[in-house]
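Written below as C-alpha cells is the structure these notes are about.
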Amino acid sequence: MAQFWKPGTAKPRLLDDEEGGVLFYSAAPSSSSSYGYASLESQRQRLPVFKYRTSILYLVETHSTTIIVGETGSGKTTQIPQYLKEAGWADNGRIIACTQPRRLAVQSVAARLAEEMGVKLGEEVGYTIRFEDVTNSDFTRIKFLTDGVLLREMMDDPLLSKYSVIMVDEAHERSLSTDILLGLLKKIQRRRPELRLIIASATIEAKSMAEFFHNRKRRPRLEGEDNGLQTEPAILSVEGRGFNVQIFYIEEPVSDYLQATVSTVMSIHEKEPMGDILVFLTGQDDIDAAVQMITEQAQNSGKSSFGLIVLPLYSGLSRSDQDLVFSPSPRGKRKVIISTNIAETSLTLEGIVYVVDSGFSKQRFYNPITDIENLVVAPISKASARQRAGRAGRVRPGKCYRLYTEDYFVNEMSSHGIPEMQRSNLVSTVIQLKALGIDNILGFDWPASPSPESMVRALEILYSLGVLDDDAKLTSPVGFQVAELPLDPMISKMIIASDQLGCSEEIITVSAILSVQSIWISVKAQRELDDAKLRFAASEGDHVTFLNVYRGFLQSNKSSKWCHKNFINYHAMKKVMEVREQLRRVAQRLGLALKSCQNDIQVLRKAVTAGFFANACRLEPYSHNGTYKTLRGSQEVYIHPSSVLFRVNPKWVIYHSLVSTDRQYMRNVISIDPSWLREAAPHFYQLNPTHH
DNA sequence: GAGCACTGC
C-alpha cells in the first residue's frame, strides 16, 4: 500500500481554493460595517452558540437573503429555524418554512427539532411530505417540507404569503425542484420585499449564488416601502462537527477500477485497525461483481480475512437485503458495504471509518434533439468526492482512498456537477411554471439556465399534447388539469383522456403502477420471475398486465404473502395504492368522473394512445429480429426482453419509456391500432402513418 | 433474451 498510495491533505478541503475570497460577515452585530474578505480557512471558525445565534438573527434582520455555508453536523438545519422563532419571525400567524430535497430528511429533521424544543411533533413544529401532512393549521409555526411540496403549494398561493421566512436547505445539490424554487423565490422577493430567504448548503458556489440573488435592478418603490433591507446577500460560514478524514490518492491512474477496489479493500482489511469500509461504485453490475471478487479473495487469503462481511447496497435490493447494512458489525468482524450513490446522500451508515471512492457514478443525461434520456457512467465532481470522503468521519477520524490521482482531482475534476436542470427533460418543469403564470419561459431567470433546445423541445411536446395553445398559454381546461396532476404530463394527459373514454379507474391504476420503479421483485431466479409474469400476461401488452396484477392483489386482500408468491414487490404495491388514492382525489377535484370500463380493454388502449401517441412505433416490414422504427424520427428500437410483448412483436406499438444500452429498448409496451393515432393527435400525425 | 444512479409531486 505504501508505494501504491499517496496521502493528500490531512483534512479534506471542503471548499475550493478559488473561492477563497468569499464575502464573509464577521458575526459581530455591534459593528455593522464589519464586512471583509477573508480566506475560507480563517473564517471556518467554530462559532460559539450565542455568537452564531446573534449573527444569524442580525443577518436575517438586515438582509433579504442570507447564504449559510455549513457542513454536515453544523446544526444549521435545526438551529436556525429555532432561533428565528424565538426572535419573533413566527409571530402573528406567520410560518417559517424549511425545505429539504428528501422525504426522509424532512421527517427526521422535524422530529429532531420538535424533540430539542420539547414540543409535540405536528403542533408547533410540523412537516409535510407527499401523502403525509403532520401539521396543524392553527399551531404550526415551523414547518419542514420537501422542495417539491412547496412548489405544489405555490399553485394555490403563488406568493407563499403565509410564510415569513423560507429556508432552502441542501441547495448545493442543485436538484431540479431546488433550482426551480430558487428561481421562483427570487421573483417572489421582488413582490414581497419583507420575505426573508435563507439558502443553506454544504459546499456551495456561495459567490455565484449570492450574485444570483443580488437584485440590482431598480424597481419603482412604493411609498413607505423602503424597509432599509440590504439586497446584497450576506454569507456566513459555519464549521461542522465531523472528524478529520485523511485523504489518500492513487499514485498512477488505474485502468480497472473494479480490480483496484478489491485490492484496496483487502489491504485496508489487512493493515488498518477495525472499522467498517464503504465503497462507492456505479451500479448493480459493478457492485455484484465486486462483492463476489472480495468474498472469494477473502476466502482464499487465510485467516486474517475471516472477519469480513461483504454487503451490496443499491435501491433495487429488497427491503430485507437493504436492512442488512444497518445491523452493527459483530465483535471482531468488519463490514464492507459496496454501494451506489444511495449512500452518498440518501442513507446514512453508522460506523464507517474507511471510504473507497471509485470517482465515478451513473448520471442521467438528456438529449433534447432525440428526446432520449441516457444513464451513463461519468466522473463525479469535487463536491461529490468531498461528500463521499465525509462519510468516513462521522464516528471518529477516518480515511478516504481515492482511486484517482491527486493531479486529476486538483486539475481535472470539475468543482460541481452539472445541475439536474441541464440534464433533464423539462416538460414537467415548463408546465409547472406555466401554471404559475410565468409566460416568458425562455427568459426565466434560473440559477443555471437549461439549454434553449431542451426548452423548445418541452414546449413542442406540451403543444402536441394540447396542453399549450398557439400563444404558448395553458389551455383550458386540459392544460390546467394536466398541470394539477402530480405526474409526467403525458401520463396526466392519458388520465384526462380516460375520462371521456370511460376508463379512468383503470387508467389511474396503470398510471400509479407506471410511476413506481418496478412492481416486480428483482431476483436472480430469472426463469421463475418470467413464469410468474406469465400468470398475469395480457396479449395487449404490459399496461394491461399491470392491471391484472393489481386486480389479483386486490383479490388477495392486499396480501404480502400473495406478493411474495408471485414475485411482486409488496412495498411497491403499497405505494401504488397511495399514489392511486391521491390521483383519484385530484381527478375528482378536477371534475373528472371516475368510471370503470370493466373488461373493455380497447378503450384503455385508446387512452394510452391519447397520452403517448408521440411514442408510437411500427414493426419493420419483413423484420426477423423484431426491429421497430419510431414514427417520429424513424429511430431503430426494440421491445425490451422484460416486456410481455417480447418476441410477440405486434405490428403497431406504443412504449412508455426507452432505455438505451447497446440498443434502444422500449420498456412497457402496448399494442395499438394505427387509426387511433390520428384520432388522438391529428396535428401530430398529419400524414396517415399507414402510408409507409 | 437483457438490465434498472438517485430523488420528488
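Note on naming: letters A, B, ... go to the chains in the order of the sequence lines (proteins, then strands), and numbering restarts at 1 for each one.
The residue S175(A) sits apart from the nucleic acid: no heavy atom pair falls under 4.0 Å. No contact: V377(A) has no heavy atom under 4.0 Å from any strand. Using a 4.0 Å heavy-atom cutoff across all strands shown, R663(A) reaches no nucleic acid atom at all. Nucleic acid contact class of Q284(A) (heavy atoms, under 4.0 Å, all strands): base. Residue S177(A) is out of contact with every strand shown, counting any heavy-atom pair closer than 4.0 Å. Counting non-hydrogen atoms under 4.0 angstrom, R102(A) reaches the backbone sugars and phosphates but no base. When heavy atoms are screened at a 4.0 angstrom cut-off, S346(A) is found touching the sugar-phosphate backbone but no base atom. L485(A) comes within contact range of no nucleotide atom at all, as no heavy-atom separation falls under 4.0 Å. Within the nucleic acid shown, D530(A) comes within 4.0 Å of at least one base atom, counting heavy atoms only.
Atom CZ of residue F646(A) and atom CG of residue D542(A) lie 12.5 Å apart, to the nearest 0.5 angstrom.
Where DNA chain B meets chain A (any atom under 4.0 Å from a heavy atom), the bounding nucleotides read 5' to 3' are dG1(B) to dC9(B).
More than 12 heavy-atom neighbours from other residues, nucleotides or ligands sit within 6.0 angstrom of NZ on K186(A).
With a 4.5 Å cut-off on side-chain heavy atoms, Y366(A) and L426(A) do not count as touching.
Using a cutoff of 4.0 Å between basic side-chain nitrogens and carboxylate oxygens, E505(A) and R580(A) are scored as salt-bridged.
When the options L145(A), T146(A), V579(A) are evaluated for a side chain to side chain contact (heavy atoms under 4.5 Å, CB included) with R130(A), the one that passes is V579(A).
Side-chain atoms of T178(A) and E170(A) form no donor-acceptor pair, as typed in the model, at a separation below 3.5 Å.
Residue whose closest nucleotide on DNA chain B sits further toward the 5' end, between P486(A) and L375(A): L375(A). With the nearest nucleotide of DNA chain B identified for both S515(A) and K362(A), K362(A) has the one nearer the 5' end.
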Show me the donor-acceptor pairs, under 3.5 Å and distance only, between side chains in residues 567-576 of chain A and residues at least two apart or in other chains.
residue, atom, partner, partner atom, Å
N569(A), OD1, H571(A), N, 3.0
N569(A), OD1, A572(A), N, 3.1

